[in-house]
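Data first, discussion second: the structure below is written as structure tokens.
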Amino acid sequence: MAPAGDREGYWGSTTSTLDWCEENYAVTWYIAEFWNTVSNLIMIIPPLFGAIQSVRDGLEKRYIASYLALTVVGMGSWCFHMTLKYEMQLLDELPMIYSCCIFVYCMFECFKTKNSVNYHLLFILVLFSLIVTLVYLKVKEPVFHQVMYGMLVFTLVLRSIYIVTWVYPWLRGLGYTSLSIFLLGFLLWNIDNIFCDSLRNFRKKMPPIIGVTTQFHAWWHILTGLGSYLHILFSLYTRTLYLRYRPKVKFILGIWPVILLEPLRKH
């Protein structure tokens, strides 16, 4: 976390319960944490295109919701790091819970008939989201949110491992790449928290172009944004295989992965 004594800017004093290691208002007077803010673009723009492609392909609404939920997380995180206001912090953290619940629903419903609805699982996830929201609004303890979010991510990891071990082993590459990128982001998030003073001192001695590479919370956004996007692709690939489509991963401009679908030919 950031040491006390950061400067104030356009948005006034900090009211959030968290203030990260990036120096406040160091780049511009209008954005509290510049690099932590702009790094959210990876969670905003690509999932929007994913949602549009899902609509065009006629995919189930839960996958459209998955993409849009990731975009909402990115937008909420943008607002939080731009302002460091408590209300914007909630706009970041609570959608993280809601989006993960959507991901969990998709992963546990990927082997069901098309357009089926599991009302029992929906009820459990909605109830979980409601309880987490109410408790978090009451206690305002970031560790509580982090533990609840970690539980959801752990559930997704276990389900993914089951799928690539027992159902579709050829999806190990995509599944484990998503997990590895996410875990690398989590590692950098911890380094940013634990060694904040050292990182800040290092940045003071280095040229800005080098110092910016040590904004590890921004890297957390980039890596977890990419990891979450790849997880949606993994979930979607699993689902469309079960529905007897021919999913293919294509790289736009040779860089960004998307899934294209072809219905399985009938003989």
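Throughout, residue positions are numbered sequentially from 1 according to the sequence presented.
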Minimum-distance pair of heavy atoms, taken over all atoms of [X] and [Y]:
| X | Y | answer |
| --- | --- | --- |
| Lys114 | Arg239 | CA-NH2, 3.4 Å |
| Pro257 | Leu230 | CG-CD2, 3.7 Å |
| Gly211 | Arg203 | O-CD, 3.3 Å |
| Thr17 | Pro142 | OG1-CG, 3.5 Å |
| Ser228 | Phe182 | OG-CE1, 3.9 Å |
| Pro46 | Tyr229 | O-CE1, 4.0 Å |

Is any side-chain heavy atom of [X] closer than 4.5 Å to a side-chain heavy atom of [Y]?
| X | Y | value |
| --- | --- | --- |
| Leu90 | Phe80 | no |
| Trp20 | Phe216 | no |
| Trp256 | Ile42 | yes |
| Ser99 | Met43 | no |
| Tyr149 | Cys100 | yes |
| Asp57 | Thr240 | no |
| Gln146 | Met96 | no |
| Trp220 | Phe186 | yes |

Under 3.5 Å: donor-acceptor pair, side chain of [X], backbone of [Y]:
| X | Y | answer |
| --- | --- | --- |
| Tyr25 | Trp11 | yes |
| Ser77 | Val73 | no |
| Ser54 | Gly50 | yes |
| Trp219 | Thr213 | yes |
| Asn40 | Thr37 | yes |
| Ser180 | Thr177 | no |
| Arg200 | Cys21 | yes |

Is there a path of hydrophobic side-chain contacts, each under 4.5 Å between heavy atoms of I, L, V, M, F, W or Y residues, that connects [X] with [Y]?
| X | Y | answer |
| --- | --- | --- |
| Trp78 | Tyr86 | no |
| Leu236 | Tyr176 | yes |
| Val55 | Ile259 | no |
| Phe154 | Leu187 | no |
| Tyr119 | Phe111 | yes |

Can you list everything that forms a side chain to side chain contact (heavy atoms under 4.5 Å, CB included) with [X]? Sequence neighbours excluded, please.
| X | answer |
| --- | --- |
| Thr133 | Leu94, Tyr98, Leu137 |
| Thr14 | Ser16, Asp19, Asn24, Leu84 |
| Ser116 | Glu109, Lys112, Thr113 |

Report task. Name all residues meeting the ring pair (Phe, Tyr, Trp, His ring centres under 6.0 Å) criterion together with His221; count only those two or more places apart in sequence or in a different chain, and write none if there are none. Result -> His81, His217

Report summary line: Hits for ring pair (Phe, Tyr, Trp, His ring centres under 6.0 Å) against Tyr168, two or more places apart or cross-chain, chain-then-number order -> Trp170

**Report entry** Flag if over 12 foreign heavy atoms under 6.0 Å of CD1, Ile209
**Finding:** no

Requested in this report: For Phe195, look at atom CZ and say whether over 12 heavy atoms of other residues, nucleotides or ligands are found less than 6.0 Å away.
Outcome: no

Query raised in the report: Stepwise, does the side chain to side chain contact (heavy atoms under 4.5 Å, CB included) test hold for Ser235 with Tyr63?
Result: CA-CA 9 Å; Ser235 178; Tyr63 291 101; 3.4 Å; yes

Just verifying a value: how many Å separate [X] [atom1] and [Y] [atom2], rounded to the nearest 0.5 Å?
| X | Y | atom1 | atom2 | answer |
| --- | --- | --- | --- | --- |
| Ser178 | Leu226 | OG | CG | 8.0 Å |
| Ile161 | Leu156 | CD1 | CG | 11.0 Å |
| Leu188 | Asn193 | CG | CG | 11.0 Å |
| Leu171 | Tyr237 | CG | OH | 6.5 Å |
| Leu48 | Leu68 | CG | CG | 7.0 Å |
| Leu261 | Lys248 | CG | NZ | 11.0 Å |

Query raised in the report: Between Lys85 and Glu87, is there a salt bridge with N-O shorter than 4.0 Å?
Result: no

Query raised in the report: Should Phe108 and Thr155 be marked as a side chain to side chain contact (heavy atoms under 4.5 Å, CB included) after you check the CA-CA gap, both sets of side-chain angles, and the distance that decides it?
Result: CA-CA 10 Å; Phe108 280 86; Thr155 301; 3.8 Å; yes

**Report entry** Of Glu141, Glu93, His145, the residue whose pairing with Tyr136 passes side-chain hydrogen bond (donor to acceptor under 3.5 Å, both in side chains)
**Finding:** Glu93

**Report entry** Residue pairs passing the ring pair (Phe, Tyr, Trp, His ring centres under 6.0 Å) test where at least one lies in residues 26-58, sequence neighbours excluded
**Finding:** Tyr10-Trp29, Tyr10-Tyr30

Requested in this report: Tell me, with the steps shown, if Met107 and Ile163 meet side chain to side chain contact (heavy atoms under 4.5 Å, CB included).
Outcome: CA-CA 9 Å; Met107 287 297 286; Ile163 289 173; 3.6 Å; yes

